[in-house]
Amino acid sequence: KLIVQSSKTLTCTVASGARSLDWYKGEVKLVESSDYDRIRVSESTNTVSKITFDVADDSAGTYKCRAVQFDNFCTNQETFESEPVVLTIISAAPISNPSSATAYGGT
């Protein structure tokens with residue numbers, strides 16, 4: 001559960017041989033470079049992607065990454081999907097308006 005205006009980062013790592021790695025919110029495919037970034041990992045053949053966003057009222061949903069993997073060693077194309085991450089938004093609205101007050105400095 002997240003509060004609106006907080007920030008969240010989700011990361012997905014797929015072993016070498018990944019031909020694609022995509023993020024989804026529900027069944028809607030998110031757009032690379034606009035909604036998420038692919039990360040280069042030095043000295044690794046793994047494919048890594050992250051999605052970072054500022055939590056807004058419309059951020060609630062189920063997020064997952066999906067990868068297609070095959071290479072010369074394993075020529076059968078396989079699709080892998082992460083476990084879903086369910087984000088719930090907590091309203092940060094005050095329950096009541098605070099009373100006016102005057103603060104005095106002390107010694």
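All heavy atoms count here, side chains included; hydrogens, waters and symmetry mates do not. Keep in mind that what you see is a predicted model, and the values were worked out from it rather than measured.
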Approximate separation, where rounding is to 0.5 Å, of K25 NZ and L87 CG:
8.5 Å

Residues passing the salt bridge (charged side-chain N to carboxylate O under 4.0 Å, His left out) test with K64, sequence neighbours excluded, are E27, E81

For T62, what residues pass the side-chain contact (heavy atoms from CB on, under 4.5 Å) criterion, not counting sequence neighbours?
P84, V86

Restricting to side-chain hydrogen bond (donor to acceptor under 3.5 Å, both in side chains), what partner residues turn up for S34, sequence neighbours left out?
none

Can you list the residues that meet the ring-ring contact (aromatic ring centres under 6.0 Å, His included) rule with Y63, with sequence neighbours excluded?
F53

CH2/W23 to OG/S82 distance, rounded to the nearest 0.5 angstrom?
6.0 Å

Output all residues satisfying side-chain hydrogen bond (donor to acceptor under 3.5 Å, both in side chains) with E83, sequence neighbours left out; order by chain, then residue number.
none

Closest non-hydrogen atom pair, C65 against L21:
CB-CD2, 4.3 Å

Restricting to side-chain contact (heavy atoms from CB on, under 4.5 Å), what partner residues turn up for T79, sequence neighbours left out?
R66, V68

